[in-house]
Amino acid sequence: MLYGARPVIFTRIELETKSLLELTALCNQYGLKAHDDPLLRASWSTVLLSFPHIAISQMQREVGLKYLGRDGIESLIVAYNALGLPTREQAALIKASSQGRTMPMPYKLEQHKLLALYEAKVNLDKAISLLSF
């Protein structure tokens with residue numbers, strides 16, 4: 001659980017200066033809806049004040065997006081390692097592919113497959129880095 005003050009994205013004072021239309025537009029921008037009467041400014045302000053705390057609380061209770069934990073990160077590392085490292089020739093083809101050079105069919109499909117494997121490895125590396133805190 002969080003201790004101390006609730007997370008704040010918008011201040012009450014900031015929201016009190018906005019019209020009903022502005023509050024509604026702000027909620028629509030973030031995909032939020034009024035919990036009570038949509039004709040009341042307070043309904044929209046309450047949603048804007050409370051959503052950060054609710055979002056963090058949901059994550060902590062493992063509702064919606066949740067932290068993978070050590071086992072989940074280790075699974076990503078296993079997948080990352082299973083993809084291997086590109087050979088010198090594969091690295092050259094990946095570089096040529098990223099420059100827009102393509103092979104004729106049917107090799108083009110294999111070229112795309114190699115590029116997809118490389119991109120998956122790069123993205124797994126990013127995911128491991130992002131989640132390892």
Side-chain angles (χ1 to χ4, degrees):
M1 283 307 262
L2 291 174
Y3 301 102
R6 287 179 160 216
V8 175
I9 300 291
F10 298 103
T11 65
R12 186 173 296 281
I13 294 169
E14 177 185 5
L15 296 177
E16 285 175 355
T17 63
K18 299 197 180 298
S19 69
L20 175 61
L21 189 59
E22 289 172 318
L23 291 171
T24 304
L26 201 50
C27 284
N28 286 337
Q29 178 182 342
Y30 294 105
L32 300 168
K33 297 189 184 303
H35 292 294
D36 299 318
D37 187 349
L39 298 176
L40 295 176
R41 287 178 68 254
S43 295
W44 297 99
S45 292
T46 301
V47 169
L48 289 165
L49 289 170
S50 64
F51 85 86
H53 174 72
I54 293 169
I56 297 297
S57 174
Q58 288 168 337
M59 181 187 65
Q60 290 171 335
R61 291 181 288 124
E62 297 189 349
V63 173
L65 284 178
K66 45 194 156 279
Y67 182 68
L68 291 178
R70 189 173 138 199
D71 290 342
I73 293 171
E74 286 178 7
S75 295
L76 292 177
I77 292 169
V78 167
Y80 176 85
N81 289 334
L83 286 170
L85 294 172
T87 64
R88 181 177 292 125
E89 294 79 11
Q90 289 170 338
L93 181 54
I94 290 165
K95 187 172 186 175
S97 300
S98 68
Q99 295 172 343
R101 300 197 170 268
T102 58
M103 298 174 70
M105 291 300 276
Y107 303 105
K108 185 176 185 176
L109 298 174
E110 294 301 313
Q111 179 184 8
H112 285 298
K113 189 185 296 183
L114 177 67
L115 192 57
L117 289 171
Y118 175 74
E119 289 174 2
K121 184 162 179 89
V122 168
N123 286 324
L124 278 171
D125 184 50
K126 286 179 188 176
I128 292 165
S129 295
L130 287 170
L131 297 172
S132 296
F133 47 83

Next item on the list: Decide whether Ser97 and Arg101 meet the rule of one side-chain donor and one side-chain acceptor closer than 3.5 Å.
Entry: no
Notebook entry, point to check: Are Leu23 and Ser45 side-chain neighbours, meaning at least one heavy-atom pair lies under 4.5 Å?
Noted result: yes
Next item on the list: Evaluate the ring planes of Phe10 and Phe51, with Trp represented by its six-membered ring, and classify them as parallel (under 30°), tilted (30 to 60°) or perpendicular (over 60°).
Entry: tilted
Notebook entry, point to check: For Tyr107, what are the other residues in its hydrophobic cluster, where any two members join if their side-chain heavy atoms are less than 4.5 angstrom apart?
Noted result: Leu93, Ile94, Met103, Leu114, Leu115, Tyr118, Val122
Notebook entry, point to check: Does some side-chain heavy atom of Glu22 sit less than 4.5 Å from a side-chain heavy atom of Leu26?
Noted result: no
Next item on the list: Indicate yes or no for a side-chain donor-acceptor contact from Gln99 to the backbone of Ala96 under 3.5 Å, with no hydrogens or angles considered.
Entry: no
Notebook entry, point to check: Within a strict 4.5 Å, meaning less than it, do heavy atoms of the Thr11 and Glu16 side chains meet?
Noted result: no
Check: Measuring from Gln90:CD to Lys95:NZ, what's the distance to the nearest 0.5 Å?
Finding: 16.0 Å
Notebook entry, point to check: Can you tell me if Ser129 uses its side chain to pair, donor with acceptor, with the backbone of Asp125 under 3.5 Å?
Noted result: yes
Less than 3.5 Å apart, which donor and acceptor atoms pair up between the side chains of residues 67-82 and the rest of the protein, not counting sequence neighbours?
unit_1 : atom_1 : unit_2 : atom_2 : d
Tyr67  : OH     : Leu131 : O      : 3.1
Arg70  : NE     : Glu74  : OE2    : 3.0
Ser75  : OG     : Asp71  : O      : 3.1
Asn81  : ND2    : Ile77  : O      : 3.4

Check: So, do Val47 and Lys33 sit near enough that their side-chain heavy atoms are less than 4.5 Å apart?
Finding: no
Check: If you draw a 6.0 Å radius around CG in Leu109, do more than 12 non-hydrogen atoms from other residues or ligands fall strictly inside?
Finding: yes
Next item on the list: Output the distance between atom NE2 (His112) and atom NZ (Lys108), rounded to the nearest 0.5 Å.
Entry: 5.0 Å
Checklist line | Atom pair CG (Leu15) and CD1 (Ile9), whose distance is rounded to the nearest 0.5 Å | finding: 11.5 Å
Margin query: Please give me the minimum heavy-atom distance between Thr102 and Gln111, naming the atom from each residue.
Written below: CA-OE1, 3.4 Å
Margin query: If you define the side chain from C-beta out and look only at heavy atoms, does anything of Met59 sit under 4.5 Å from Leu65?
Written below: no
Margin query: Test your reading of the model: is there a side-chain donor-acceptor pair from Ser43 to the backbone of Asp37, 3.5 Å cut-off?
Written below: yes
Next item on the list: For Lys66 and Gly64, indicate whether the former's side chain and the latter's backbone hold a donor-acceptor pair under 3.5 Å.
Entry: yes
Next item on the list: Output yes when a side-chain donor or acceptor of Trp44 lies under 3.5 Å from a complementary backbone atom of Pro38, and no otherwise.
Entry: yes
Check: When rounded to the nearest 0.5 angstrom, what is the spacing between CD1 in Ile56 and CZ in Arg61?
Finding: 11.5 Å
Note to self: Measuring from atom NZ of Lys18 to atom OG1 of Thr24, what distance do you get when rounded to the nearest 0.5 angstrom?
What the structure shows: 12.0 Å
Checklist line | Spacing of Leu48 atom CG and Glu14 atom CD [to the nearest 0.5 Å] | finding: 9.0 Å
